[in-house]
Each structure stands twice: as C-alpha cells, then as structure tokens.
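Okay, structure first, notes after.
It should be emphasised that the depicted structure is a prediction, and the values quoted were computed from it without experimental measurement. Chain A is the first sequence line, chain B the second, and so forth, proteins listed ahead of strands; every chain is numbered from 1.
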Amino acid sequence: MERVQLKEDLSFSRIVHGLWRLNEWEYTPEERLELIEFCLEQGITTFDHADIYGSYTCEGLFGKALSLKPELREQMELVTKCGIVLPSKQRPEHKSHHYNTTARHIIQSVEQSLKNLHTDYLDALLIHRPDPFMDPNEVADAFHQLKAAGKVRYFGVSNFKHHQFTMLESYLEEELITNQVEISPYQLENIEDGTLNFSLEKRLPTMGWSPLAGGKMFTSGDEKAIRLRSTLTKVAEELGAADLSEVIYAWILQHPARIMPIVGSGKQSRIRHAVKALNHSLTHDQWFEILHSSMGHEVP
Amino acid sequence: MERVQLKEDLSFSRIVHGLWRLNEWEYTPEERLELIEFCLEQGITTFDHADIYGSYTCEGLFGKALSLKPELREQMELVTKCGIVLPSKQRPEHKSHHYNTTARHIIQSVEQSLKNLHTDYLDALLIHRPDPFMDPNEVADAFHQLKAAGKVRYFGVSNFKHHQFTMLESYLEEELITNQVEISPYQLENIEDGTLNFSLEKRLPTMGWSPLAGGKMFTSGDEKAIRLRSTLTKVAEELGAADLSEVIYAWILQHPARIMPIVGSGKQSRIRHAVKALNHSLTHDQWFEILHSSMGHEVP
Amino acid sequence: MERVQLKEDLSFSRIVHGLWRLNEWEYTPEERLELIEFCLEQGITTFDHADIYGSYTCEGLFGKALSLKPELREQMELVTKCGIVLPSKQRPEHKSHHYNTTARHIIQSVEQSLKNLHTDYLDALLIHRPDPFMDPNEVADAFHQLKAAGKVRYFGVSNFKHHQFTMLESYLEEELITNQVEISPYQLENIEDGTLNFSLEKRLPTMGWSPLAGGKMFTSGDEKAIRLRSTLTKVAEELGAADLSEVIYAWILQHPARIMPIVGSGKQSRIRHAVKALNHSLTHDQWFEILHSSMGHEVP
C-alpha cells in the first residue's frame, strides 16, 4: 500500500485504521488480534487511538490483543491523543467535561496510554482538540519531557485551525507532524475554511476522521444525504464500484492534500472497500458532482 | 492616465477595460476596433478577458477586431483567465460545470486564448477561481511551461482568499502579480474579510471586478441599493459629478489598496465617467457615508 | 502588583484603570486625584484613555486632576487612542461619525491629548479601531513624526483582527506593542476567532476592555447572562470570593495570554475586587464551567 512520509524515519499507511468503536464490537482478544493482522496484511500499518475512546476502554482492548503477539508492535505505527477530560466510570475523579493540556495531564495521559496499549513508545501523540485555555508553554514542556524519555517519537494535533496550529507550533522545539481533521463528502468544513489549504502550504500530512460521516450518506433522510446518496450511487455504477463507501474513500483520496482516511470498521469486508478505493479514479466531472451534491449548489 | 506597476517591466492602466459582455453589444469588428482605440486614447491600455466570457466567444470577437490593426497589440496589456469549465455549444465535450486546474487544461486553454486573441503572448494569465480540487504542483508545472515557451509573461489569480493565495504561491517559481476580486460600494466582502488588507500587506496590486455591481445601485429595489442610491446622489451633487457611476468609481479608486476597477461597458460615454472619477476627491465624511449606506449601520 | 513587560523600558500593571466613564462620576478634581492615588497605591499604574471618551472630555478631567500633583506623572503609564471621529459639542467641526487615520488627524489628536492630560508625552498611543479606509503609509508617517518629537514612546492598536494587525505592522518602523480587545466571559469573540491565539503566537501583550461586559452578567435578563450569573455565583461560593466580579476578573487573568483587564470603575471597593482576583485560582472544571455557560453548550 502507498505510504505517506511524515518524517525521515516515520511513515503512515495511506489508509489508517481507527479504533474509536473497538469496545462496541464485542470481540474476544483473539478476534481483535485477527483484525489487527488482517489490517497489517492489507498494508494498513497505522492504528489511530485516543485516551477517551470507548470511555477510556479502547486502548486497553487493543493492548490486550497486541500482548498476545507483541512482535507485531514493530510492524505498526501507534497514534493516540489526549487533552479531553470526560466524566466516566473509569475515571471517577473526573467531575466535568473539559480540556486539560497542562504538562502534568499530558504526561499522565501518555503514561496510561502506554500501559493500556502494551507498548513502551508511541509513534505519534496528538492534542485532541484546540483548547481555548491552552498554555502553549505547558504543551511544549510535556512534549520535551516525553520525547527525552523516549515515550513519544513525534507530536501532532487534531481539529486545529490554521491560527491554533501556528500558535502552538511557535512554542515547540520540533514541527508538528500532522493535523487530524474531519473530512468527508458530507462534511466540507475543512475544505471550505482553508484548513486543507494550510496543510498543502505547510506540506503537512493530514489524517481524515469520520470519512463516512458516521454512515449519514447511506441512511440519513436529510436533503444533503439524499442528494449525496443519489450522486454516489450514480458514480459507483460508472466506476463499477462494489459499494458507495468505495466512491467516498476515492473522493477523499484523490484530494491533492493526500489525506489519510481513518477507517473505523471492525469488519474485514468494509475495510477492503477502503483499500479498493485506492484503485478507483474519479473524473473531474465526478469529483465536482459529488461536491455539488454536498453543497446543494454548483461552484460559482 | 495613472499607471500601476506590477513588475519592473509590466504596468497596467489604473482603469482597466473588461470584455465579459463583448458578445452582447453586437458590434461589427470595425466598431469593436473603434472601442479599443477609444480606450487607448483615454489611456486605458489594459484589457481583461477570460476564456469563458460570452460562453467562450468574447476573446475571439476581440481578436478579430485586433487583427484589423495588429500593431495595436504592443500598445496594450492583455489579461485572460482559465480554470472554469462550462457546458457550452462552443465546447460540446464539456459535460458539467466544474473547475479544472490541471497543467493539461491550463495549457490547452492558454493556447486557445492566444489563437482567439490573435496574439502570441499574454501579459498575464489568472486562475479564475480558487479550486477546491486544485493540485498546486499542476498549476506550477503549467506556469513553468507557459513562461518558458514565452506564451505568458506573468501569472495571477482571481477571487482568491488569503489562504488560497499563499498556498498556491508557495508552489510557484515566481510571485503572483495580482488578485482580481469583486469590489464595489454594494459588495464589501473583500474589504470586510481581510482580502484587501492582505493585498496591502503583500504590496499586491488588486484588480476590481464588477465595480458597478451589475447596475444594482442604479436600479435595484432592495434596501441596500435604495440607501446607496440616495447617498450616491447626494455625494454626486456635492462633487458636481455628472453621473452616479463617477462617485462609485471614485469611492473605489480612493481606497488605499489602489484598486484597478474594471469597466465593462461598450459605450464611450460610460467609460468616460470612469476616467473622470480619477479627478474626483471624496472627503472622509463622504467615503464613510457611502460605506455606512452599504452596511446599513455606522462603523462602531 | 504583577507587571507585564511590553518593551525593555516599558511595563504596564497587570490591572489597568480605564477612564471611559470619568465624566459620569461627577467628581471634583480633588476626588479624581484621590482615585488616581488610590490606584497607584494598589499598584495600578497604567491608565487607559481615548480622545473620544466622554465625548472628548475625559482626558481633560484626568489632566486637571493630575495637574494638582504633577509629580505623579512619572509614577504612571498613560495610554490613549485616536482614529474615531465623533460629532460632539466639543468638536462642532465634525459633521459625521467616521474614522480618520491620516497622519494629519493622528498628530492633531495626539497634540490635543497631551494638552488635555497635562503631560508632554504618552507612553502608548493606540489606533482605536481598524479603519477600512486606512492608508498604512499615513499611519507610519504619523508614528514616525510623533516618536521623533518625543511625544509618544510606543504604538499599538485596539480591536484589530490578525490580518489588520500584520498589515499595518508591515508598514511601520517598529513593532506594535499591544492589541486592546474586548474580552469577558460574556464576550468570547476574541477567544473564538483566533485573536488571542495570534497574540500568543506574536508574544503580544493584550489589554482587555469591558471585562465586566458593561454589567450584563450581573443584571441582564438574557439567557446567556442568566446562565453565567448562576455559574459565577456557584464558583464565587467555592472560591470564597466576595463578589462575582472577582470571579470574572480571575477567569480573564488566568487565560494564558496574560490579558491585562481594564477596570473602569470610579469606586475604590470595585477596583479592590479586581486586585483581589489576582489571588484567586480557578480549577479547570471551574474555568470551563464558566466558558460553557457563556457558549450555551459544552466544548466538543
């Protein structure tokens, strides 16, 4: 599979696997291991986590599977996130939903993630959300300590806009390696507000979360979803694609920002659709027809 | 007439003539030549085109007139644009309205423009619209080839916002020479969203399209137009201006970004109003009264 | 009191006193002097003015008090602003409300401010509002002359967005030293639109006007005010704060941009609340609970 170079000694697979629903699949550790090995066979070597996924449970479920075959660790890249604090049974000390990007919180979160994931290093740690109360010196301090201790190789962010990205980076010793943002034909925000242009200008690899918009394009009854479903069905026929999701992934993959879509399914058949999308090639007519269906009007 | 220096060896006349409605005027080639010569006599030496104007016909109508007196080519600057694809009788191969900023499309479009305009070079080529599907490497490749072949002297853009401009420019060998944006007392978007500030910061000459907002300020019944018409009438009396359009052009011309308004009329009398506007001088009271009429409220 | 370093030879007190309502307090010159001396005793050494405050009267009222004890001048920093033109009994020559940032206007305004304030220099002059008709060369010329004449030590702006700030600064000989913007739990605009991130990125000290939002959080019946009042009351109890305003100031003071709130009260007891706020320390739960009350929803 095509790979995206983020640093001289770090690359991600073009398709990333995301674990935010791992707890919902009710897999045994062996079934989870089977899923991991299936991904690796497909060339999907990058796995995307966050401390809070599954109310703080998904990292541990993944780690338990990985511990059955620890030699797989060196064949994969592990990404996780921190910075959101959620009330949870697993965290009775959390009183309210808020952000915390202090050095103390970031370091504690990473140490817990390492334990959960049964690994002694992360390939990348992302700040999960731009924090209006963020002290960038605190983040810089945390990143410095985690790097020095060998616990995190590289750092990035998620859901940051241009001004949040450049502000934080101006306090750091090293450049951020990625911005993970929501992107799908249904959710154009980061195309329309300049976030992807900023990534292109910075030559910053972009990870794309929720590429299928939580399934809205398949089932939702709102007008945008209905328009998109109709166009995606037409294009799928034109391309001979087996599933609408292949067209959606292809639409994202062909964007010049070289977005790495994060596939969040536990089913092999669905993951295969994402991989197959790498072989589809949309015409300009098709790419814009999908765009127009989402916008509800043509470009000017 | 005052001129604006875009590069050491390229300047535009402060008033530019725009040809987007040339096909509607139903002029003979001789009448079109007369219009061109009238402009040149007034000091208006810069002519603004686009491949798509008149559904791909205006460039050719201009070129036919120019071919009657080819020695005029050296007395003028020719600007055209590309990047929009429109269904048209003239382009039966076009299936849908979309953008195409691939190297292949840009180069083909320029070659056709050169034929249409009966010239062997363009003074400036502009990308017509920011393209959400733009691969900046493709644009850079096209610009490189066109420059090397002597087909285009300089490159610019139209309707770009700050982040679109800096992104594209970061891939190019040379700086972009202009951004052509909509600007009129009726349409303040590029004043309000920072686009003109960006031009001032970059020392980037700005061309202003639709300075008369398609006539809305003269005839439209919407509240903004009514407010503006009333204020423009009052200011025209104060200045002794012969026509509301003189006040409108003067309002644009006095903006510190040194905007070059594009006059799109085929009538000599109307073009004269734009030229006369260079001699009017609005007070701060008058400039802001017009601004306030457009906004519907005073500045804070 | 904590101080904020703006230049090697200029610092402001963390709490600034603002004089925009000085005319409403109906104090005698002696009472005004008493207020000034009270502020200085509290460590509040920075006084914020504008030419237009009190319809062009507040600077003079302050200056009359200062002239009773001119040796206080060296113990304080005087900031004033210009650029807004208001119709006023005091300025019969003003025909309309507009902005004027020409060199001539700026210099005349400063000369009048110096007379009004009974001083021969300003520590800082701010352009009061971003002016859509601003010629940055004019501002640069005015700043150059005022600096050379020793009339103004440093220059800043107020209510500028990122693109307005960088544009103007690109024309100046020296960096701007501050941006004074509206900030309170009730008014999040400058947190949400990236203005404070820009200040953090530029290491630009920020002054915060209207920290109490004109009293809205204490008395207003709109939903946002009601939600905030309830949360502020709860947090005040948790902190043992004597007044809601202490919580509000503490919320602002704890933002990592090190905002200098401008206290606009003429009552010693109210000024004391701002000073006491420096000793309160909000938890992350409390800071975000206030933020959420203002937004009407939690962060994502």
- Query: Do Y249(C) and D243(C) meet the criterion of a side-chain donor-acceptor pair at a distance under 3.5 Å?
  - Reply: no
- Message: Please determine whether salt bridge (charged side-chain N to carboxylate O under 4.0 Å, His left out) holds for the pair E2(C) and R258(C), giving the CA-CA distance in whole Å, both sets of side-chain angles, and the decisive distance to 0.1 Å.
- Response: CA-CA 11 Å; E2(C) 183 189 336; R258(C) 287 191 74 208; 2.8 Å; yes
- Message: Within residues 184-211 of chain A, which residues come under 4.5 Å of chain C, heavy atom to heavy atom?
- Response: none
- Using the ring of each side chain (for Trp, its six-membered ring), is F288(C) parallel, tilted or perpendicular to Y99(A), with breaks at 30° and 60°? perpendicular
- Scored by heavy-atom pairs under 4.5 Å with chain C, the best of I84(A), T102(A), D135(A), N100(A) is N100(A)
- Message: Is the ring pair H284(C)/F133(A) parallel, tilted or perpendicular, if the boundaries are 30 and 60 degrees?
- Response: perpendicular
- Task: Would you confirm whether the ring centroid of H94(A) sits within less than 6.0 angstrom of the ring centroid of Y56(A)?
- Result: yes
- Message: Could you tell me if the side chain of L282(C) sits less than 4.5 Å from the side chain of W251(C), heavy atoms only?
- Response: yes
- Message: For K115(A), is the NZ atom crowded, meaning more than 12 foreign heavy atoms sit under 6.0 Å from it?
- Response: no
- Indicate yes or no: at least one non-hydrogen side-chain atom of M1(C) is less than 4.5 angstrom from one of R3(C). no
- How would you list, in number order, the residues of residues 289-300 of chain C that have a heavy atom less than 4.5 Å from chain A? L291(C), H292(C), E298(C), V299(C), P300(C)
- Message: Quick check: do L6(A) and Y154(A) have side-chain heavy atoms less than 4.5 Å from each other?
- Response: no
- Mind checking whether F143(C) and L176(C) have side chains closer than 4.5 Å, heavy atoms only? yes
- The interface call for N159(A) against chain C, heavy-atom contacts under 4.5 Å, is neither
